[in-house]
Amino acid sequence: MRSGERRPAAPLCSAESEPGGVAMEPAWRQQGRGRGRGQEGQGERPRPLQKDRPGVPAGRGEKTNPGPAKGESVQSKFEEIRRSNQATALRLVESRVSSSSSDEDNDDDDGDGQRGRILESTFTSYTSQTGGDASALTRTGQYLSDMFQSGALTCLICIASVKRTQPVWSCSGCFSLFHLPCIQKWARDSVFLISSATDEDFGQKQHPWPCPKCRTEYPPSATPNRYMCYCGKLQDPPADPWLVPHSCGSICQQELRPSCGHTCLLLCHPGPCPPCPKMVSVSCLCGKAKPLPRRCSNKSWSCQQQCGKLLACKQHTCTQLCHTECPPCPRVSLQRCVCGRQTAERPCASPRWTCQQVCGAHLSCGNHTCEEVCHDGACPPCPRSVSRSCPCGKTKSSLPCTEEVLPCGDTCDRRLSCLKHTCSMRCHRGSCETCRQEVEKACRCGRHRKPMACHKEYLCDAKCPQTRNCQRHQCRRKCCPGNCPPCDQICGRTLGCRNHKCPSVCHQGSCYPCPETVPVRCSCGSSVLVVPCGRERSTKPPRCREPCRLPPSCHHRDGEPHRCHPGPCPPCARPCLLPLPGCRHACPQPCHDLVLVRSQQVQLAGPWEQPAEPTFMKKALPCPPCQVPIPTSCFGEHEVSPVPCHRQGRFSCGRACGRPLACGNHSCSRECHLVTDGNQ
């Protein structure tokens with residue numbers, strides 16, 4: 001609309017504006033139209049056609065149904081839907097409060113039966129070799145049980161549950177399960193951080209990456225890129241409800257550890273393979289007895305006979321019972337030292353020993369003696385009989401071993417400890433003195449220069465502003481040459497569990513998962529489920545077969561027997577049986593000490609406010625009035641009728657009284673009434 005033009009006035013809503021003389025009411029007062037249904041221009045819902053609007057004719061010549069009948073049908077539907085919603089909300093709240101019904105028990109029994117059948121089918125091929133003995137399957141069975149326990153399997157990288165439909169990867173060291181995307185990102189980040197911190201040529205070396213839990217190292221080529229079953233035969237195994245999650249259902253056939261030449265007989269399974277159940281014929285440890293059939297995983301056995309083999313000392317024989325390798329000889333004997341001067345009692349296992357005395361034998365020159373400690377064989381030649389040089393090493397001379405080589409008198413010129421200058425003294429014995437020449441030296445960090453003695457180190461007071469390898473803290477070391485030491489502070493960042501802080505030395509990248517575990521117990525404490533720290537808030541308590549030990553919340557001393565459950569006990573369904581006030585009868589209603597009552601809602605100020613969700617609270621209700629019928633006669637004793645106990649008392653039956661009056665000629669025509677001494 002251009003400026004200056006007037007907008008046409010909207011027609012008024014009056015009785016004359018509607019055909020048939022039906023007055024228009026506001027949208028929030030029209031029957032059968034909820035919030036938001038009659039608003040034009042909102043673009044949410046179109047206005048109904050005229051043939052659908054109550055009380056408005058559809059067209060010329062058509063007869064319309066009266067408006068009130070249509071409004072009553074809409075109102076009745078609205079009331080029916082409202083009652084249905086209230087009943088649904090009540091059932092929802094009751095189902096949340098009562099958590100141990102008979103239906104849930106039946107579901108638990110069915111789940112346990114299916115779980116037992118899956119475990120039995122997994123172990124059948126193994127127990128058939130052991131004659132039904134499953135004692136060696138305890139550790140593997142625990143991993144299988146955790147696969148079916150809600151919340152028992154947690155990815156330690158993202159601290160989330162591992163579901164049976166998600167791709168996973170299993171560590172070969174600790175057999176922990178991780179989400180496939182999580183372990184791929186962990187491997188990439190680990191290799192990147194190690195390469196950036198250690199490689200001079202970044203990315204040139206192949207660094208291994210560790211398992212987040214057991215730190216087992218894997219080469220970069222072992223980074224998982226496909227979702228495989230536990231035995232590695234099938235890619236992307238389908239989720240089968242009758243198999244172990246993430247299993248292909250075929251025989252494992254992985255080589256057993258320790259290696260014995262046999263393979264695993266279980267169906268594809270998580271966790272370690274059980275001990276080998278095969279029967280083999282083996283001899284005893286010493287090899288003297290005849291071979292006997294033994295279980296391959298426990299094939300080492302002893303015949304309990306004395307070994308009798310000659311020991312390494314070549315003097316005594318082994319006295320231990322049947323074994324594999326003989327130990328060193330434990331006996332003691334007289335043995336001479338290497339030079340043969342001394343004799344001492346020594347263990348037979350270590351016959352060679354030295355007496356720590358100088359040899360002292362005359363050398364071949366005849367002027368000096370041997371200075372070596374106790375040795376065998378001939379003494380070495382005299383060290384002074386060979387060609388010798390002066391102290392500075394410039395001149396050599398061949399002199400008898402009895403004469404000393406004198407200094408040559410030339411300048412020493414030996415390199416000093418600074419490795420830059422030479423000694424300016426004459427040829428001399430002993431070490432040269434420290435370099436005292438004055439030179440201009442740069443500090444270690446290279447920022448400042450200063451003239452000083454060559455043998456001294458120049459360190460300035462400037463502190464290094466570079467960050468350490470953790471990329472969080474500054475070096476702050478005085479006169480740092482650039483090779484900043486690793487950060488020695490504690491990381492202290494909050495771990496993914498939100499309960500503990502990282503105890504490692506300050507580092508780059510994400511922290512390792514929290515190593516702590518938290519037990520999750522049922523209400524009575526009999527069943528325990530150990531989960532990683534941080535998962536205790538989102539893990540359901542384990543199922544418990546023990547009876548509930550919580551005291552009843554009503555006046556009954558012994559509640560209804562039911563299993564241990566999380567949360568409050570279900571409502572009591574026994575009769576109240578409390579004595580009613582004013583009579584001797586017992587309350588026949590169900591126990592109403594704690595009844596779920598809907599709280600009163602605040603009245604809405606208008607249609608623009610959204611109604612709040614219904615809230616319920618537990619409340620003790622009083623016993624209802626006694627309804628036991630009591631035979632009671634009326635005032636005039638015309639009839640005897642049953643009257644509820646709480647309204648017990650005589651009543652008027654409505655008939656004429658009929659009692660003779662004092663005149664003796666007539667009877668009372670009043671309605672049945674109470675006759676007292678003062679009212680005849």
Side-chain angles (χ1 to χ4, degrees), residues 95-96 99 104 107-108 110-112 114-116 118-119 122 139-187 189 211-214 216 224 226-230 234 236-249 268-272 494-500 502 510-523 527-544 564-567:
S95 65
R96 290 183 178 179
S99 61
E104 293 179 353
D107 294 342
D108 293 346
D110 295 341
D112 294 342
Q114 181 180 0
R115 184 188 316 166
I118 295 176
L119 295 179
T122 305
R139 187 182 177 195
T140 307
Q142 182 62 38
Y143 281 90
L144 291 173
S145 299
D146 291 344
M147 298 296 298
F148 298 98
Q149 182 66 45
S150 175
L153 289 180
T154 304
C155 177
L156 295 179
I157 300 176
C158 63
I159 315 298
S161 298
V162 178
K163 299 181 180 179
R164 63 185 306 148
T165 57
Q166 295 174 332
V168 296
W169 175 81
S170 177
C171 175
S172 61
C174 61
F175 307 102
S176 298
L177 284 181
F178 304 94
H179 293 127
L180 186 61
C182 294
I183 197 63
Q184 290 174 342
K185 184 177 183 300
W186 176 273
D189 293 347
C211 169
K213 183 177 182 181
C214 66
T216 300
R226 292 179 298 174
Y227 171 38
M228 305 296 295
C229 64
Y230 298 110
L234 180 63
D236 299 328
D240 192 338
W242 293 100
L243 291 177
V244 178
H246 318 292
S247 171
C248 64
C268 183
H269 62 91
T494 303
L495 297 176
C497 64
R498 304 297 179 187
N499 297 328
H500 303 95
C502 181
S510 58
C511 301
Y512 277 100
C514 181
E516 303 292 335
T517 56
V518 180
V520 178
R521 303 179 182 273
C522 62
S523 299
S527 300
V528 181
L529 178 65
V530 179
V531 298
C533 182
R535 289 286 299 168
E536 67 274 9
R537 291 183 289 270
S538 58
T539 302
K540 295 181 180 180
R543 298 174 181 173
C544 182
C564 177
H565 58 87

Worksheet item: Could you give the distance from SG (Cys522) to CZ (Arg543), rounded to the nearest 0.5 Å?
Response: 13.0 Å
Practice prompt. Please report the closest heavy-atom contact between Ala239 and Arg164, naming both atoms and the distance.
Written response: CB-O, 4.3 Å
Practice prompt. Taking the side chain as every heavy atom from C-beta outward, state whether Ile159 and Pro532 have any pair of such atoms under 4.5 Å apart.
Written response: no
Item to complete: Please step through side chain to side chain contact (heavy atoms under 4.5 Å, CB included) for the pair Cys497 and Glu516, ending with a clear verdict.
Response: CA-CA 9 Å; Cys497 64; Glu516 303 292 335; over 6 Å; no
Worksheet item: Leu495 and Cys511: which non-hydrogen atoms are nearest, and at how many Å?
Response: CD2-CB, 3.6 Å
Discussion item. To check you understand the geometry: which heavy-atom pair defines the closest contact between Pro237 and Ser247, and what is its length?
Written reply: CB-O, 4.0 Å
Discussion item. Distance check, rounded to the nearest 0.5 Å: Cys544 atom SG versus Arg521 atom CZ?
Written reply: 11.5 Å
Response to the item:
Residues His269 and Tyr230: closest non-hydrogen pair is O-CB, 3.1 Å
Practice prompt. Scan Ser523, Ser527, Pro541 and name whichever one has a side chain to side chain contact (heavy atoms under 4.5 Å, CB included) with Cys564.
Written response: Ser523
Practice prompt. Over all heavy atoms of both residues, which pair between Val530 and Thr517 is shortest? Give the atoms and the distance, please.
Written response: CG1-CB, 3.6 Å
Worksheet entry | Side-chain donor/acceptor of Gln184 to backbone N/O of Cys182, under 3.5 Å | no
Discussion item. Looking at Arg537, I want to see if its CZ is surrounded by more than 12 non-hydrogen atoms of other residues, nucleotides or ligands under 6.0 Å.
Written reply: yes
Fill in: Pairwise side-chain contact, Pro513 with Phe178, heavy-atom cut-off 4.5 Å (strictly under)
no
All N/O donor-acceptor pairs, side-chain side in residues 169-176, below 3.5 Å, sequence neighbours left out:
unit_1: Ser172; atom_1: OG; unit_2: Tyr218; atom_2: OH; d: 3.0

Worksheet item: Listed by chain and number, what are the side-chain hydrogen bond (donor to acceptor under 3.5 Å, both in side chains) partners of Asp189, not counting sequence neighbours?
Response: Lys185
Item to complete: For residues His179 and Gln166, report the shortest heavy-atom separation together with the two atoms involved.
Response: NE2-OE1, 2.7 Å
Practice prompt. Could you grab the distance from atom CG of Leu180 to atom OH of Tyr227, nearest 0.5 Å is fine?
Written response: 9.5 Å
Fill in: Any side-chain heavy-atom pair of Pro224 and Ile183 under 4.5 Å
yes
